[in-house]
Amino acid sequence: METIARGVNARVRGDRIVEAWFGSHREPFKTPPARQLKGLIERRIESVHRSGKHIVVELGRQDDPRRSAEGGEISAQWIVHLGMTGRLLVTTHDAAAAKHTHARLRLKSGRELRFVDPRRFGRLEFRDLAKGTAFGGPGAEPLTIEGEEFAELFRGRKLAIKAALLNQTLLAGVGNIYADESLFRAGIRPKRRAGKLTRVELERLRRALKEVLEHAIRLGGSSVSDYVDADGMKGFFQLEHNVYQRTGEPCRKCGSDIKKIVIAGRSTHYCARCQH
DNA sequence: CATTTCACCTGGTGGC
DNA sequence: TGCCACCAGGTGAAAT
């Protein structure tokens, strides 16, 4: 998400939305498409960034094009969640639309911001900040959270640490890959009860999570080219992950077989010899 | 309240 | 080639 947000930001920041189109599926519209269309039109894109797993497009005022041409004030937000298969693409406005394109925002520059999502698990939301609050979930940011607060998240919890890591109201932005990879790096078994981890283990986990995420962002960031899609991510995943989707393959540290189990309905990969 | 299960979707893969 | 079971970067409602 971080890589995608940066890529999109670099391509659309400062541009203006001149036309919007939404597909007719009932999903993935958290805000009715007609309201999104009305709200998005004629706004300047001030910036694009990531918050947890959401991509937030910050938008300027609608009623004063001259003032917002210079940028600055945020008065609305377009919030994109990509679900499992969502893509945010920046194309030219005349490029052929991919199958499962649900939203197209035509920009003044001739570019187009598109939302494509085959499985429709993604969500699109529009927020008018004059009428409501800015986007922000309860979950802490894994990249910046400090030791004390991190440990407090898991105190007294009986669920598996893997399940706790995936809970977006505790930590925002940790998905299945990074949960497995950070637990491997920290040497902790995914089934361990969150509340029973020692303070030392929790600190190892916090650092491992941060390092894994930073490493992923570095590699993903280097692979973005003229448009934004998942191609670059494939390279990272194949080359760098230690346990995720490596069931039966030898552990890169000790050589024993990587195991696969199910926790919280999600496939979970770990090394029984390196993780305790 | 905390935790787990399952439906929501389409597409790709591998077995027969 | 066709058919089918199974799996997939996530979440949130319903059940326990």
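Labels below follow one simple rule: chain letters A, B, ... track the order of the sequence lines, proteins then strands, and each chain is numbered from 1.
Considering CG of A:Leu153 and CG of A:Leu202, their distance stands at 9.5 Å, rounded to 0.5 Å. The line from OG of A:Ser182 to CZ of A:Arg204 is 12.0 Å long, rounded to the nearest 0.5 Å.
The number of heavy-atom neighbours closer than 6.0 Å to CZ of A:Arg207, taken from other residues, nucleotides and ligands shown, is 12 or below.
The distance from atom NE2 of A:His241 to atom P of C:dA8 is 13 Å, rounded to the nearest whole Å. Per the geometry, CG belonging to A:Leu170 stands 16 Å off C1' belonging to C:dG10, to the nearest Å. Rounded to a whole Å, the NZ atom of A:Lys30 is 15 Å from the C1' atom of B:dC8. Remark: P of B:dT3 and CZ of A:Arg193 are 9 Å apart, rounded to the nearest angstrom. The CZ-P distance, from A:Arg266 to C:dT11, rounds to 8 Å in whole Å. What separates CD of A:Glu125 from P of C:dT11 is a distance of 14 Å, to the nearest Å. Rounded to whole angstrom, the span from the CD atom of A:Gln245 across to the C1' atom of C:dA8 amounts to 7 Å. Atom CG in A:Asn176 sits about 11 Å away from atom P in C:dT11, given to the nearest Å.
Taking side-chain N and O atoms only, A:His81 has a distance below 4.0 Å to OP1 or OP2 of C:dT11. Between A:Lys260 and C:dC7, a side-chain N or O to OP1/OP2 separation shorter than 4.0 Å is absent. Between A:Arg120 and B:dT10 there is a side-chain polar atom (N or O) within less than 4.0 angstrom of OP1 or OP2.
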Which nucleotides of DNA chain C pair, in dot-bracket form (Watson-Crick or G-U under 3.5 Å, | meaning another strand): .|||||||.|||||||
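Taking the six-membered ring where tryptophan is involved, the planes of A:His102 and A:Phe115 are tilted, since the angle between them lies from 30° to 60°. Ring planes of A:Phe29 and A:Phe22: perpendicular class, angle over 60° (limits at 30 and 60°).
The side-chain heavy atoms of A:Glu42 and A:Arg16, taken from C-beta on, include a pair separated by under 4.5 Å.
The nearest pair of heavy atoms linking A:Ile74 to A:Glu58 is CG2-OE1, 3.1 Å. When all heavy atoms of A:Cys274 and A:Lys253 are compared, the pair lying nearest together is SG-CB, 3.8 Å. A:Gly175 approaches A:Lys53 most closely through the heavy-atom pair CA-NZ, 3.6 Å. Scanning all heavy atoms of the two residues, the minimum distance from A:Cys254 to A:Cys251 falls at N-SG, 3.5 Å.
Of all the residues in residues 150-169 of chain A, A:Gln168 reach under 4.0 Å from DNA chain C with at least one non-hydrogen atom. At a non-hydrogen distance threshold of 4.0 Å, nothing from residues 180-189 of chain A comes into contact with DNA chain B.
Here A:Phe121 counts as stacked on B:dC8: its ring centre is under 5.5 angstrom from the base ring centre and the planes meet at under 30°.
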Chi angles and distances behind the side-chain hydrogen bond (donor to acceptor under 3.5 Å, both in side chains) call for A:His269, A:Asp180: CA-CA 6 Å; A:His269 316 74; A:Asp180 282 4; 2.8 Å; yes
side-chain contact (heavy atoms from CB on, under 4.5 Å) evaluation trace for A:Leu183 with A:Thr268: CA-CA 10 Å; A:Leu183 284 168; A:Thr268 298; 6.0 Å; no
In residues 145-152 of chain A, what donor-acceptor pairs under 3.5 Å come from side-chain atoms, sequence neighbours left out?
| residue | atom | partner | partner atom | Å |
| --- | --- | --- | --- | --- |
| A:Glu148 | OE1 | A:Arg199 | NH1 | 3.3 |
| A:Glu152 | OE1 | A:Arg155 | NH1 | 2.6 |

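Contact annotation for A:Gly265: no contact, since no heavy-atom pair falls under 4.0 Å across all strands. Using a 4.0 Å heavy-atom criterion, one finds that A:Thr85 contacts no nucleic acid atom at all.
For A:Ala76, the side chain to side chain contact (heavy atoms under 4.5 Å, CB included) partners are A:Arg43, A:Leu59, A:Phe126, not counting sequence neighbours.
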Could I get a table of every N or O pair under 3.5 Å where one atom is in the protein and the other is in nucleotides 11-13 of chain B?
| residue | atom | partner | partner atom | Å |
| --- | --- | --- | --- | --- |
| B:dG11 | OP1 | A:Lys99 | NZ | 3.1 |
| B:dG11 | OP1 | A:His100 | NE2 | 2.6 |

